[in-house]
Amino acid sequence: MSKILIRGAKVLGGEAQDVLIDGETVAEVGSGLSAEGATVVEADGKILLPGLVDLHTHLREPGREDSETVLTGTKAAAVGGFTAVHAMANTFPVADTAGVVEQVWRLGRESGYCDVQPVGAVTVGLEGKKLAELGAMHDSAAGVKVFSDDGKCVDDAVIMRRALEYVKAFDGVVAQHAQEPRLTEGAQMNEGVVSSELGLGGWPAVAEESIIARDVLLAAHVGSRVHICHLSTAGSVEIVRWAKSKGWNVTAEVTPHHLLLTDELVRTYNPVYKVNPPLRTEADVMALREALADGTIDCVATDHAPHPHEDKDCEWAAAAMGMVGLETALSVVQQTMVDSGLLDWAGVADRMSFRPAAIGRLEGHGRPVSAGEPANLTLVDPAYRGAVDPSGFASRSRNTPYEGRELPGRVTHTWLRGRATVVDGNLA
């Protein structure tokens, strides 16, 4: 591998410095660096971050390659500044065995655009009745540490307790999709003023909050780790804040779309805004931003959920739930958190790289930008402004809620262990 000299970048938003990459590692960080034969990247005014890590990505392969593949999904991740993603288990077949998680892991290695860490299912077939092969998935080549039935809730308290007990043996974590199924039967959107006016089935906040309350208590009882996926309500924030005040091993994530969009958008009846959990109120959005800023919410996770055109271009009730998010995540975080003054760029590095890598126990990612560390890096132009055009997405799907919306910031370069995956905003 050749040497790369990144000149004049603001490392984590601080003072401008030069960063020399030699092979797979950062060789030197300082001022006035030079290296004979190095490829020079002029980074004046740009922000250099550790490669972003997503704890919650749907790559759809195997089984739904019409929506996304590991290759197209990791290309989208690289364009968004990610060097590692955690691939959720709700594939066909479900990633509930060592064989399936190893397949996904190997596809990630072959793609070369970012590291893919498979997430194993908690229960066989995501059916919530019998624990999946948690130990075998952990002991496999994929080395699974995160387990989730995402898309479905592990609603049986006994099964959830057993899962927490099991993963404790190897420092694993259960990532819960908090949705009490009986309280959300027929639900189409957030339960509130807008759902009442539109006559759509309501999805109450308590359906999320009741599961979170139960699971933080279970995690405390067992002494294990629980992670709350896509937290979306002000009440959920308060429960997690209380659990953390007790010193319990609870972590939580928020999606970019829950930091920006509200249920008022459902008035358009555009299914691009149909998502699980649903878009909530402005008060919820503000509570989520504050909780991410103060650390109650640990990290941002995309919940990148690609769907083919026919699954979204239909009437609201028939539409699939989910949005693509890898290629716009950092821009949304810049708009909602950085440009608003709630977080600085060092805070973004913490919430989008350091903490998600730590929660997933992912080695080689979420590391400081310093000599001797793996050269997993992302260079961002924060001054850029542009309208989102999904026709140019690397993802196979186009179901973005931001089409035509102007967002700030643009990833210009991404490096995976010293090898450029994105150069000047384009896939390498």
Side-chain angles (χ1 to χ4, degrees), residues 1-54 71 74-85 108-117 326-327 330-331 334 338 344-350 352-354 357 362-384 386 392 394 409-428:
M1 284 188 179
S2 59
K3 295 180 180 179
I4 300 166
L5 180 60
I6 307 168
R7 183 176 285 155
K10 295 180 178 179
V11 178
L12 273 59
E15 294 297 317
Q17 292 181 294
D18 301 337
V19 176
L20 178 63
I21 300 171
D22 189 355
E24 296 187 355
T25 62
V26 175
E28 196 174 354
V29 178
S31 300
L33 300 185
S34 62
E36 187 175 342
T39 300
V40 177
V41 176
E42 297 294 348
D44 184 45
K46 296 184 174 69
I47 310 294
L48 188 65
L49 300 172
L52 307 183
V53 176
D54 190 12
L71 178 60
T74 54
K75 284 182 176 180
V79 170
F82 292 89
T83 55
V85 298
R109 287 172 67 87
E110 291 167 8
S111 84
Y113 283 93
C114 80
D115 286 345
V116 175
Q117 179 57 53
L326 286 168
E327 294 171 72
L330 189 56
S331 291
Q334 180 180 333
V338 179
D344 58 14
W345 284 105
V348 173
D350 180 67
M352 297 189 75
S353 183
F354 299 145
L362 195 60
E363 294 182 5
H365 293 274
R367 302 294 305 162
V369 181
S370 58
E373 295 289 353
N376 296 316
L377 301 168
T378 298
L379 189 64
V380 186
D381 179 4
Y384 176 87
R410 175 174 178 257
V411 172
T412 62
H413 293 72
T414 307
W415 291 275
L416 177 65
R417 285 182 291 280
R419 183 175 57 82
T421 56
V422 174
V423 176
D424 294 326
N426 299 306
L427 286 165

| side-chain hydrogen bond (donor to acceptor under 3.5 Å, both in side chains) partners of residues 366-379, not counting sequence neighbours, each pair once |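 Residue pairs with at least one partner in residues 366-379: R367-E373.
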| side-chain hydrogen bond (donor to acceptor under 3.5 Å, both in side chains): pairs with one or both residues in residues 27-50, sequence neighbours excluded |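 Residue pairs with at least one partner in residues 27-50: R7-E42.
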Counting only N and O atoms by type, is there a donor-acceptor contact under 3.5 Å from the side chain of [X] to the main-chain atoms of [Y]?
X	Y	result
S331	G409	yes
Q334	P382	yes
E327	A394	yes
S353	G51	yes

| request: Scan for ring pair (Phe, Tyr, Trp, His ring centres under 6.0 Å) pairs involving residues 409-428, sequence neighbours excluded, and state none if there are none. | output: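 For residues 409-428: H413-W415.
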Is the shortest side-chain heavy-atom distance between [X] and [Y] below 4.5 Å?
X	Y	value
V338	V348	yes
L48	I6	yes
V19	V26	yes
R410	T412	yes

| Taking every non-hydrogen atom, the tightest pair across L330 and G80 |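 Minimum heavy-atom contact is CB-O, 4.3 Å.
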| task | Work out which heavy atom in P50 is nearest to a heavy atom in V369; give both atom names and the distance. | result |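 P50 and V369 have their closest heavy atoms at N-CG2, 4.0 Å.
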| Pairing residues for H365 by the ring pair (Phe, Tyr, Trp, His ring centres under 6.0 Å) criterion, not counting sequence neighbours |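 Testing H365 for ring pair (Phe, Tyr, Trp, His ring centres under 6.0 Å), a comparison that skips the adjacent residues, returns none.
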| said: Tell me every residue that passes side chain to side chain contact (heavy atoms under 4.5 Å, CB included) with T421, counting only those two or more places apart in sequence or in another chain. | reply: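 Once residues adjacent in sequence are excluded, the partners of T421 under the side chain to side chain contact (heavy atoms under 4.5 Å, CB included) criterion are A78, Y113, T414, L416, R419.
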| task | Indicate yes or no: does D115 engage R417 in a salt bridge with an N to O separation below 4.0 Å. | result |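 Salt bridge present between D115 and R417.
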| message | Using 0.5 Å steps for rounding, measure from the CG atom of L71 to the CD atom of E110. | response |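 Between L71 CG and E110 CD, I get 10.0 Å after rounding to 0.5 Å.
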| task | Name all residues meeting the salt bridge (charged side-chain N to carboxylate O under 4.0 Å, His left out) criterion together with D350; count only those two or more places apart in sequence or in a different chain, and write none if there are none. | result |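 With neighbours one apart ignored, the set is R355.
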| said: Set out, in order, the CA-CA distance, both residues' side-chain angles and the distance that settles side chain to side chain contact (heavy atoms under 4.5 Å, CB included) for D18 and V29, then state yes or no. | reply: CA-CA 6 Å; D18 301 337; V29 178; over 6 Å; no
